[in-house]
Structures are given as C-alpha cells and as structure tokens.
Amino acid sequence: MKIPKRIAATVINSLKGGVVPRIGLPYITVGRKTEIDALLHDVEIIADGGASFRFIMGKYGSGKSFLLQTIRNYAMDRGFIVADADLSPERRLQGSKGQGLATYRELISNLSTKTKPEGGALTLVLDRWINAVQAETLQETGLSPEDPALAAATDRKIYAVTASVSELVHGFAFARLLSAYYRAYVDGDEETKAKVVRWFRAEYATKAEAKEALGVNVLITDDNWYEHLKLFAVFFRMAGYTGLYLMIDELVNIYKIPHSITRQYNYEKLLTMYNDTLQGRASYLGILMGATPQALEDRRRGIYSYEALRSRLAEGRFSRPGARDLLAPVIRLEPLTPEEMLVLCEKLAELHAGLYGYERRVTTDDLAAFIRIEYGRIGADRSITPREVIRDFIELLDILYRDPQLQLAALLASDEFSYAKSEAVSDETESGFVEFTL
Amino acid sequence: MSSYNIEKSKFYKAYPEDTRAVLCRVFADFSQHHEDRCKNSLCERLFGKIHTLPYTMFSSAVVSLDRDLPDRDYQIFPWYGYACRNGTWYRTRLDRSPAKNRKLGELVRDVDAILRERYGFDAPLKQTDKTKLFTGIVNSAVDAVQEEKRRKAAAVIHIDVDKLNAIRSDASATREKLMTDEERDDESGAEADRRCLCAEEGGLLTGGNKEYRDALQASETTIFPTCQESVENAECGMRNAECGISSAAATEADGLPLDETETAVLRAILTGGDCGGAAKTGGKMLSVVIDEINEKLFDEFGDTVLYDAGDGPAVYEDYAEELKERIGS
C-alpha cells in the first residue's frame, strides 16, 4: 500500500511530538474495529435524521482523543459540521457563573467544516446558506440577478426556511435573526451581520443590549444553550450539511466539582441531552463525550452517582471484557493488546520507510522483541500508553535510519535506547541537591 | 511451632505461595519492629529467653555418676542443649517450649484472618483484637507480595503471532471505512472530481463521494436542489451567463478546476485587485467564493491556499507563484 509522503510526514511528525495527527489516521488505526463500526453506524443514523449520544470511556492515554479525532475527520468528510470543546473548571454543562454558556461559546467558536477544520466556520455557513438559496431561486425562477423580482423570490425562499425553524423550541428568535442576517447581506449592512453573529455566539450579556442591537429580547443563556444547539443542527441540515456533531472531552472536570448540588445540576443537564437524543427530540445531532472510568463509574462523585444516569448507562449483567454491547451508550476502550501494538508499530515502520525512501528492515521478530521490552517494564501492565510506545519506536526508527549498519536487536540491548519518560519522574539530578547539610 | 496449624487452613490450601510469602514478611517485619522499638525481641516475646542452669543428669538413677568427666557439649537444637563443665552439667533451654506455641499460633491465625479479608475469601475467620501496628504490618506485607506477583507477571509478555494476520486485516478494513476523499485521491493520484456548483461543501455533494451523493438523492431534503439537479445544471451551465454567473465547466485555460467567478476572484487576490467586486459580479458572497476555491484546490495543493489576512483574503506565500503561473496573471 502506497502512502502519500505528505500524509506520512504529518503522521510521523505529529506522533513524535506526542499529539494526534490531523490527517492520515486511517493508516495508523489498529484494533478498535468494533468501536469504530459502532461510531460509524451512529454517523449513518444522524445523517438519516436521527440523533446519537455516546460516552467513550478510557484511561488517560488509552486512545480516547485518537478515536474522537478519527470520527471528527470522518464526520467532516461526510459533510457534518463538527464542534468540539474540552470541559474545564470554567466550562461545564451548567453553572451559576455562566460555565454552561462558556461551553456553548467554545463549541460555537470551534464549529469546523472540511475546508475550515480549525474552527470559526459559523459566518461561512451563514454565507453559504444565503448563496445557496439565491442560486436555487435563480435556477427555479430563471430571473436575472438584477431583476427586482429575484429579491422577492429569494425572500420567500428564506422565509420558508426560517418558518420551519421557528416552529421549534426557541426557534422564533432564531428564525428572526437568520432573516436579519439575510436582510443585512442584501443591504450590504456588515454591522448588522456582525451583530447577528454576536448573538449566535452568545456574546450579548443582557436582553436590553440584544433588544437595542437587533430588536430581539431573548438571549442564549446558561439554561437554554443546548436547545439552541439543537436548532443549529436542524438549520445546518437545511443549509446543506449533513448535521452537527458535538465532541465534548474531559468530563472528569464535572467529577472534580467539589459541591455535590452543582455536580447534580450538571448531571441533570447531561440527562436532558441524553434523553433528547435517544427519545427523538433532537435531529441531525450527534454527541460524543470522553470520560475516564473514574469520572463515569465513581458512585460517589462520578456520573453513576446520579441514579437516573446510572440506570440508563450501566452495563448489563451479561457484559464482560471481550464481550461488550457496542450498541450501548458507553464505549469502553480496552488497552491495546501487545499484538495490536505490534501491528501498529509495523504500520509506523512502513510509514517511516516510505517517508524517507528506504527498504523496511525491521522484521516481525524485531517488533516482537521491542514490544516485549516495552510491556515488560515494571508497571507497564497498568500504565503503558500507546503514546509512549509510539514515541520510543519512532526514536528507534530514526536511529536506525541515521545508521543503517545498526541492527534493532543490538540497539534494544544498548544504552542508547531509553524509554520515553514522564517528566514528573526524572532520573536527572540537579548538582545542587546531590549533597546538602541541614 | 505454632499452635494454629496453617496448613489445614482453607485459605492456605487455595493460596499456599501467597500465605507463605506473607507470613515470612510479617514475621521479618514484626521482628524488626521489636528489635528497633522493644526491650525484648520477637522470639523472646514468643518463646522466652534462653537460660543456662545446672542440671542433674539422670536424676532418678540409683547409681552415682562419675564426676570426673571431661568438658563436653551436646547441642540438641539451637535453643536446647547440655554442657559439662568441671564435672557439673548444665542445661540450656528456652523459658517456654517452642512446640505448639500459643502466642505464635495467635499471630499466624490473625495473619490468616487478614489475608482472607483482603482476598475476599469466602470463609472469613472471626476477627480478634489486633493492634493497628500489627494490621498495618500484615497489610503492607500483602501489598508487597501482590506487587511482586504483578512484576513477575508483567515481565513475561506473550505475543500470539497467530493473531497478527487477523489484526492486520481488520485494520485494513477499518482504514477503508475511514478514508476521507482527500486521502483516497492522494493514494490513487487521481485528479479531484468535478464538484457541484451548488453551495454545498464538506464532501456532501462532492463528486468523489458517490455513495453520499446517492444517499442525498434519496433523501427528502427539498429546500435546496438535489445533487442530481445541481449536476444537471452544472452540465448545462447556469442561465444568464452574460451576467457573469459562472458556468459549471472548469476553465481549462488556467489548468485549475475553478469557474469564472472563482478564477476572477483568485486573480484579483493575486494582483491586489477588487476581489469583493469580482465576487459580487458573479452573484456570490466573497467568503463563499473563497471557501469554494479552497475546497476545489485542496486536493491539488494538499492545503487551503487562501486565508483571511485581517484586511482581506490573501494567498499563502508557498502557493502564490504556482497559482500565478497557472492562472496566467
């Protein structure tokens, strides 16, 4: 299989830096077949007008972000708009100081499409929507662009779209603002366009401010931000996209909230989102959340401390490692087996050889020896992550490439090979601390 | 020596190695604690001190023993023996018999009880009063033994090479499912397919994604033209071409798969002209045209070629020369 150099370079350089590459993920995806199949099935459901809600549960470094990024790229390629946000002490699902709204703002500012994968695609989507309506009106009516009747025909078409949105919860104001955006475009009023975008980004602090700027006395708030995301999902579909996919990571930040009542409010919000998607009250919307086992399963502070969620999400009696129900809302990421890690290293060796234009010299036996050493480290069974193994392996490949005379077996046994170390534990000593007197 | 026979314990029968290892560690640690902190050692506490006292050999004998005996020693056990000095016999022994030692038996039983609790064993023993110190020592010993077991298990890694082919083939199947259009085109080296000129993007109606196009045609979305209609329009060209509305056919002269409006806008950006005006002439918004240009040229350049420089769109320097050559500006 010939892998393009551009993709190989991005993958190798990103992995060396310990980050998930933006492209080329299909070339290094090993294992996780059933998990990915389950998520791809979700994508089909959403494209057909449904909704999905999944938790991806795994320890730090188990591959949650990798899986999220893989699905993100796939979804964007399928025409979805993707928005992602990491929760933090300042960004939650609900909060008395606007922490829920902060999450919404983060999601909206990170709206991404295939050609704008870095985010900030809201304005583009609005512009493309209007353009598409105009093109369609032109095509249907056969009028010329200067014909005054064209504007009226376009207005009617815009109204048809906004009318269907206005029937949804909070849709009336949403529809009014879409119309305002369109009118501002027609009139060349960039200022009003900017104001509308500000409203969609929830940047107005008070209703009075919004009323003065746009003539609407409703705001996106900490209580209703999720309802507005549902509206966006429907609107994006009308604008020609497949739907909206939300990816929210670091759910452990809700687990860390010290006040139990505040945690409850957040879990209630989570329950609302979960119920909506699974009971058909949301359309063209997918939600993926990343959480550690503790954040999910801890019965005192985790999601399972909220009984309504626990009873919906907990595994059944028959589920066990190796025989999990992947149609269930929680996808548990098991650590990659040594065999899977070996195949992953094999793919990296191919990528490296293709990138630098040499014949791959590392054999399966060499890879097996490497994996045995990596997994044989003290504590590896509990704490080894793909990130560490990959960084070690790419370092080896670089060394072998620099010196073709070296053999992998000799290198593994030599002092040149050192494990990727956590910076929290270092063997280096400062000379000032070698000896001291109290 | 213990009055509690550990070998008859159910837990010992289930976990003989662990029990043995924990008992040895507990004894060693407890002994060390006594050495460091107590007046008497653990052995002295359990078995008493070793005393050497005069002893009458064969005290019930009716004959008198020769008193002119050489000095000699008879060591039966390390803690039990006889010695003769200057015709007088002495016996060395412990205060308490080491056999069936009750205190040692209690210690062993307590260890057994704690082990059963730690391992969740089905048949727990009735708890007795134990000091915190002792419980701490036993728990530390259990932790150490379990850690040692984990280390030994981790050091032996088995790789089942029979599974590798199945993993490789699953990975290939997953790769095929996940490949994006961009990655597929890169791999095959094919040129980017013609795209519909309706304002869809993100691969929804891109020519390279036939499965998706078919799905959309089957969908009930009616607000906008279906892909099929848009493709037909693209084939025939938009009406009112004299007003500058772009034809669907790519402008072959510049070798770039862009329509007239997109070419005009790109040329304006490259030459510092009025790109906004060029977009307006084509009846489109500038931001939309920029996005369409980026999408159409993404596969050729592997990257977006235009970006927002703050005061208007600009071309990335890396691609400027090539674009100028190809667009003929």
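Each chain gets a letter, A, B and so on, in the order its sequence line appears, and its residues count up from 1.
- Here the CD1-CZ distance, from A/Ile36 to B/Arg175, works out to 12.5 Å after rounding to the nearest 0.5 Å.
- Between A/Tyr27 and B/Met179, some side-chain heavy-atom pair lies under the 4.5 Å cut-off.
- Under 4.0 Å is where a charged nitrogen must lie from a carboxylate oxygen, and between A/Asp37 and B/Lys177 at least one such pair does.
- Looking at B/Ser287, both its backbone and its side chain come within 4.5 Å of chain A, counting heavy atoms on both sides.
- A side-chain contact (heavy atoms from CB on, under 4.5 Å) with A/Glu339 holds for exactly one of B/Asp162, B/Asp160, B/Val161; it is B/Asp160.
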Are A/Leu124 and B/Ile290 close enough, and set up right, to give a side-chain contact (heavy atoms from CB on, under 4.5 Å), and what steps lead you there? CA-CA 10 Å; A/Leu124 171 68; B/Ile290 301 280; over 6 Å; no
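- Neither the backbone nor the side chain of A/Thr123 comes within contact range of chain B, judged by heavy atoms closer than 4.5 Å.
- Note that the CG atom of B/Asp170 and the OG1 atom of A/Thr29 stand 12.5 Å from one another [nearest 0.5 Å].
- Atom OH of A/Tyr159 is surrounded by 12 or fewer heavy atoms from other residues, nucleotides or ligands within 6.0 Å.
- The residues A/Glu340 and B/Lys163 are annotated as not salt-bridged, no charged nitrogen and carboxylate oxygen being separated by less than 4.0 angstrom.
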Applying side-chain contact (heavy atoms from CB on, under 4.5 Å), run through A/Thr70 and B/Leu178 and close with a yes or a no. CA-CA 8 Å; A/Thr70 301; B/Leu178 291 174; 3.3 Å; yes
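- The line from CG of B/Leu164 to CD of A/Glu346 is 7.0 Å long, rounded to the nearest 0.5 Å.
- Interatomic distance, B/Leu286 CG to A/Asn131 CG, rounded to the nearest 0.5 Å: 10.5 Å.
- We find that A/Arg128 and B/Asp291 are joined by a salt bridge, their nearest charged nitrogen and carboxylate oxygen being less than 4.0 Å apart.
- Here CE of B/Met285 is found 4.0 Å from CG of A/Asp127. Values are rounded to the nearest 0.5 Å.
- Rounded to the nearest 0.5 Å, atoms CD1 (B/Ile293) and OG1 (A/Thr115) are 11.5 Å apart.
- Atom CG of A/Asp187 has more than 12 heavy atoms from other residues, nucleotides or ligands within 6.0 Å.
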